[in-house]
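Being a predicted model, the structure only gives us computed values, none of them experimental. Residue numbers start from 1 in every chain, and the chains themselves are labelled A, B, ... in the order their sequence lines are given, proteins ahead of strands.
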Amino acid sequence: MSDALLHIAVEKRVGSFRVDTNISSGPGITALFGRSGAGKSTIVQMIAGLIRPDRGRIQIGEDILFDSARGIDLSPERRNVGYVFQDARLFPHMSVRQNLRYGIDRLPKAQHGDTLEKVVELLGLATLLERRPGRLSGGERQRVAIGRALLSNPRVLLMDEPLASLDAARKSEILPYIERLSADFAVPVVYVSHAVEEVVRLSDTLVLISEGRVAASGAVEEIMGRLDLSPLTGRYEAGAVLTPTVAGQAPEHHLTRLDLLGHDMYVPQIHVDRGERVRLRVRARDVSIALKRPQGTSVLNILPATVSEVEADLAGAHVELALRVTPAPSANGRAQTVLARVTRKSLADLALAPGKPVFALVKAVAIDRHSLGGHGLGAKRNIPADG
Amino acid sequence: MTTSLALTPLEWEALGLSLKVALWATLASLPLGVLTAWVLARTRFPGHGLLNGIVHLPLVLPPVVVGYALLVLLGRQGPLGGWLYDSFGITLAFTWKGAAVAAAVMAFPLMVRAMRLSLEAVDAGLEQAARTLGAGPAKVFVTITLPLMLPGILTGTVLAFARALGEFGATITFVSNIPGETRTLPLALYSFTQVPGGEDGALRLAIIAVVVALAALVVSEVLARRVQRMTQGVDTPAQPEPRHV
């Protein structure tokens, strides 16, 4: 995008490790995704001014935060960049309210009260205000940390693995808040994570980081559908991201019907308005391939597709294929790719090769809530109680 | 003949003087102590080790040597002492102010040590977080670092006060043993042991010294515990849970 807000082009050597990145990100949530130790945290710390790059340039809008060529290096407090740390870092000697208000002076005075109220409401902090951080759960602490960063009126909010130290229950408690805040506060978010579910669910733009460099960047579904990147996106967890729209509900079966390029898909029921676009991740190991449309099968989702790529370099019994979904006549929309993992034997038996028309079979039960995400979901979904 | 526990006017004078000297020694060196602790804990520069050594020197040197060094430096003829007298009319040698300086120098390493330890325990990550929230280094120090190192400041202050109260060697060398001016409690006690029939006075002063030191330690312990609760981010049990309607 030409109206990208944040530009980073920096180099930094730490021991024998070298970070050398060039990233532009726009509004919404940009995820920096990669394995632990890939250099993601180093990058956001450089944006915040907590680590000094060896050379390069960091810019938000027209404001230059760092430019080695011109000798500019703003101190962290002058960067107007919010930072949510993995370990929350609440000030232990202050109450939750005092923590929240710590950076509030960067807001115009007239907005103090309203914004505090809005943050408290969005993050559900009303009952915690007079408590001390030592008495909060991990999830509560992280919500306070997010609120504190929002109240400091940041131009960009950096979130550095904010969920990494929480258990699954706490994670799903916080994810909906993060989905909403970028939209509600009109603040671009740079979200660092090594967890693919978080990235798929939250990010608008995905930047894949490997060994200190940008391996790829683009829309989530585009990056996740690339076979050549699956070693980086996670071999075992490899899976493509589809963006169907909601076509209707089937409450008698507790299912929701989706429309993907004119084909019906069923997933466990989600509460999203008809016509909204959702995002769902389908793992490669949950997809099987048939040459003819199967009859009398329990598999609900049968998508006509064409093999577009075969990745046979894997060791062992598996191969991975990229399947391009064939649009129904009259359907239009973005191209959709499904990844499938099959055995080497099936590859040979079915003579699968690029260009071959096939059917991709996806069990509806393989798609769980954790694989669902997207704008419509974040803003409008009533989060159903698990159980 | 029974031992009377009532203090004579001279002994009261020694006690009062001791408290005055120790109080001034402690209070005056407090800001410098915090600064030194911060410099030693949070900065690295050539000469860092040397500074650390100088600060700790009084801990290992014979007190008489420190007293003699003070006399040479701060005496009326000394380079610093002469300047102080000429410019401000301040005389340190053989006055109670000099006694306070001697006590402060001897107590300084203990003060800095305690403060430095607690400062090193303050998570630098919290200071980083404060800076990303828009606080400059000075605001970070006052609102984050200082409150969190408060237990160490308290401990350091009490230790220094107790040490200053008992200072003997450097004091007697630098400011001598002048009744009403520099004869602090330890010096008075020493004087009693040097004259026949002084045992009663010596005993009374020894008891006073023990009581004062003990009281200081107990008070610091109570305060430290309260402050610790505060800085660990846990509500004090007395505070009721807030109610919400």
Practice prompt. Quick one: closest heavy-atom pair of Ala135(B) and Glu77(A), and the distance?
Written response: O-CB, 3.4 Å
Item to complete: Could you have a look at Pro137(B), Ala130(B), Pro147(B) and say which one has the most heavy-atom pairs with chain A under 4.5 angstrom?
Response: Ala130(B)
Item to complete: Rounded to the nearest 0.5 Å, what's the gap from OG1 on Thr132(B) to CG on Leu157(A)? Could you check?
Response: 10.0 Å
Discussion item. Quick check on Leu158(A) against chain B: is it the side chain, the backbone, both or neither that has a heavy atom closer than 4.5 Å?
Written reply: neither
Worksheet item: Could you give the distance from CD1 (Ile51(A)) to CD (Gln128(B)), rounded to the nearest 0.5 Å?
Response: 8.0 Å
Worksheet entry | Within 6.0 Å of CZ in Arg89(A), more than 12 heavy atoms from elsewhere | yes
Worksheet entry | Contact summary for Lys139(B) and Asp105(A), nearest pair of heavy atoms | NZ-OD2, 4.5 Å
Worksheet item: Hey, is the main chain of Val227(B) close enough, under 3.5 Å, to the side chain of His93(A) for a donor-acceptor pair?
Response: no
Worksheet item: So which heavy atom on Gly134(B) is nearest to which on Arg106(A), and how close?
Response: CA-NH1, 3.4 Å
Worksheet item: Is it the backbone or the side chain of Ile144(B) that comes under 4.5 Å from a heavy atom of chain A, or both, or neither?
Response: both
Response to the item:
Under 4.5 Å to a heavy atom of chain B? For Arg78(A) that would be neither
Item to complete: Could you tell me which portion of Tyr102(A) (side chain, backbone, both or neither) has an atom closer than 4.5 angstrom to a non-hydrogen atom of chain B?
Response: both
Discussion item. Quick check on Arg79(A) against chain B: is it the side chain, the backbone, both or neither that has a heavy atom closer than 4.5 Å?
Written reply: neither
Worksheet entry | Nearest-0.5 Å distance that lies between atom CG in Leu133(B) and atom CG in Asn80(A) | 11.0 Å
Item to complete: State whether the number of non-hydrogen atoms from other residues, nucleotides or ligands found under 6.0 Å of Glu121(A) atom CD is greater than 12.
Response: no
